[in-house]
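Each chain gets a letter, A, B and so on, in the order the sequences are listed, and its residues count up from 1.
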Number of protein chains: 2
Amino acid sequence: MAARRRIDTMEENRTKLLAAGRKAFAAEGFASASMDELTASVGLTRGALYHNFGDKKGLLAAVVAQVDGEMAERARAASAGAGDAWEQLLAEGEAYIAMALDPEVRRIVLLDGPAFLGDPSHWPSQNACLQATIEAVENLVADGVMRNVDIEAAARLLCGAALNAALWVAASDDPQAILPRAAEAFRLMAGGFRPTPH
Amino acid sequence: MAARRRIDTMEENRTKLLAAGRKAFAAEGFASASMDELTASVGLTRGALYHNFGDKKGLLAAVVAQVDGEMAERARAASAGAGDAWEQLLAEGEAYIAMALDPEVRRIVLLDGPAFLGDPSHWPSQNACLQATIEAVENLVADGVMRNVDIEAAARLLCGAALNAALWVAASDDPQAILPRAAEAFRLMAGGFRPTPH
DNA sequence: TGAATTGACATACGGTACGTATGTCACCAT
DNA sequence: ATGGTGACATACGTACCGTATGTCAATTCA
């Protein structure tokens with residue numbers, strides 16, 4: 001059997017640690033996750049962790065970037081399936097709401113991420129969700145589908161509303177029942193950005 | 001000089017610890033705040049802390065409740081000064097946005113609170129801000145100033161939008177410049193809940 | 001009034017976790 | 001083949017939390 005190349009095993013170990021971090025952070029939260037247990041669970045030691053990610057927060061940052069990227073991907077997929085441009089924006093927002101049902105997203109990206117890494121705007125991952133919304137709003141304003149509103153401000157409010165509603169849905173006793181109520185209110189409120197029929 | 005009564009010194013120590021916790025959590029964040037330093041800074045030891053608040057999170061919960069209460073107070077004051085009922089709701093929202101400029105509010109209530117104490121809906125303080133908004137929306141819907149929308153959902157979205165916009169404002173390089181943009185977009189979006197003229 | 005008791009807080013201790021400094025061994029270049 | 005590099009393991013120091021135990025002043029009661 002051919003000797004495994006050095007670079008390959010390193011990439012493999014990085015991936016293993018990332019996956020373990022994702023699982024541990026989602027299950028126990030960043031603060032309670034033990035790096036000893038985490039690394040041991042994939043047959044490594046803390047040495048590998050500190051070599052690959054610098055420190056505990058470095059691993060969190062990497063996990064956040066990964067999950068954040070997947071969220072943007074999901075949002076794109078959701079908007080692609082919708083009808084006109086306005087419906088696509090709404091679909092994107094509703095997709096965010098639905099995403100927060102995912103414990104990984106909620107715990108890692110929405111709670112521990114901001115608390116331990118600081119404001120999402122300054123993340124290297126640039127908060128992919130927000131970026132996508134900004135682009136969408138940009139186009140909608142250009143096409144006259146939305147009023148001539150401050151692009152970033154509108155995107156921020158839409159994302160914030162969606163994500164906060166999502167936290168509500170996720171923390172409730174019966175998420176499935178709450179979800180449509182949140183989605184409906186979101187559609188309504190977002191309508192505030194549409195031009196008045198005059 | 002009359003001997004200090006036991007109950008008095010205890011109340012005083014509780015207050016001192018609360019104030020110290022508030023300062024330390026705001027400055028360093030919950031995770032990094034050392035209970036040894038914190039208690040020493042007010043001339044006590046960890047013994048006093050654990051006797052009064054149970055554990056570190058107990059102190060955080062107490063601090064959160066205090067700040068949360070003050071936020072509700074500020075919101076009430078803001079809405080009281082506004083014109084009609086609709087303007088009062090908007091004023092409340094804008095007050096939340098302004099509040100998140102306060103480092104204590106941002107760090108303690110918006111970031112560390114949810115991360116370490118769980119969803120604000122389940123806090124003993126009941127998330128006073130949200131409660132106030134719910135009541136406001138309730139009245140507005142009853143009076144026909146707002147459409148017949150799901151009360152809690154609408155309140156959640158309004159609060160979420162405002163608070164998230166606030167995080168943006170606070171994290172930006174020039175908060176004073178961003179604030180009006182956020183406030184304006186908020187007014188616009190909230191308008192989505194108003195009845196359509198016709 | 002003085003002894004007993006309570007309880008608010010201090011002190012001492014154990015356990016755990018992080019980050020770093022150092023060691024080691026496989027892999028790569030020359 | 002040999003020396004070097006670097007990915008990772010090991011060992012250590014430090015910090016911190018939570019608890020168990022001690023202590024002394026304030027209160028209570030005879």
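To the nearest angstrom, P of D/dC16 lies 14 Å from CZ of B/Phe30. Separating the CE atom of A/Met10 from the P atom of C/dC28 is a distance of 14 Å, rounded to the nearest angstrom. Summarising the geometry, the separation between CZ on B/Phe53 and C1' on C/dC9 is reported as 14 Å, rounded to the nearest angstrom. In this structure, B/Leu59 places its CG atom 11 Å from P of D/dC17, rounding to the nearest Å. For A/Glu12 and D/dA7, the CD to P distance is 15 Å, given to the nearest whole Å. The interatomic distance linking B/Glu11 (CD) with C/dG7 (C1') rounds to 16 Å, in whole Å. As a whole-Å value, the separation of B/Leu44 CG from C/dG7 C1' is 16 Å. The interatomic distance linking B/Arg14 (CZ) with C/dG7 (C1') rounds to 16 Å, in whole Å.
Look at A/Glu73 and A/Arg76 and you find a salt bridge, because one of the NZ, NE, NH1 or NH2 atoms lies within 4.0 Å of a carboxylate O, short of that distance.
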Distances under 3.5 Å between protein N/O atoms and the N/O atoms of nucleotides 16-19 of chain C, please, pair by pair.
| residue | atom | partner | partner atom | Å |
| --- | --- | --- | --- | --- |
| C/dC18 | OP1 | A/Ala33 | O | 3.2 |
| C/dC18 | OP1 | A/Met35 | N | 3.2 |
| C/dC18 | OP1 | A/Lys56 | NZ | 3.4 |
| C/dC18 | OP2 | A/Met35 | N | 3.3 |
| C/dG19 | OP2 | A/Tyr50 | OH | 2.4 |
| C/dG19 | OP2 | A/Lys56 | N | 3.4 |
| C/dG19 | N7 | A/Arg46 | NH2 | 2.7 |
| C/dG19 | O6 | A/Arg46 | NH2 | 2.1 |

Quick one: which protein N/O atoms are closer than 3.5 Å to N/O atoms of nucleotides 23-25 of chain C? Pair and distance per line, please.
none

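Looking at heavy atoms from C-beta onward, B/Leu44 lies out of side-chain contact with B/Leu49 at the 4.5 angstrom threshold. Side-chain contact between B/Leu89 and B/Ser79 is absent, with no heavy-atom pair separated by less than 4.5 Å.
The list of ring-ring contact (aromatic ring centres under 6.0 Å, His included) pairs with a residue in residues 160-196 of chain A, not counting sequence neighbours, is empty. Residue pairs meeting the ring-ring contact (aromatic ring centres under 6.0 Å, His included) criterion with at least one member in residues 13-39 of chain A, sequence neighbours excluded, are A/Phe25-A/Phe30, A/Phe30-A/Phe116.
Counted by atom type alone, A/Asp36 and A/Ser34 present zero donor-acceptor pairs between their side chains at under 3.5 Å.
Here A/Glu87 pairs with A/Arg187 under the side-chain hydrogen bond (donor to acceptor under 3.5 Å, both in side chains) rule; sequence neighbours left out. Taking A/Arg74 as the reference, A/Met99, A/Asp102, A/Val105 meet the side-chain contact (heavy atoms from CB on, under 4.5 Å) condition, with sequence neighbours excluded.
Between A/Asn52 and D/dC8, a side-chain N or O to OP1/OP2 separation shorter than 4.0 Å is present. Distances shorter than 4.0 Å separate some side-chain N or O of A/Asn13 from OP1 or OP2 on D/dC8. Neither OP1 nor OP2 of D/dC8 sits under 4.0 Å from any side-chain N or O of A/His51.
Between the side chain of A/Asn52 and the main chain of A/Ala48, a donor-acceptor pair closer than 3.5 Å is present.
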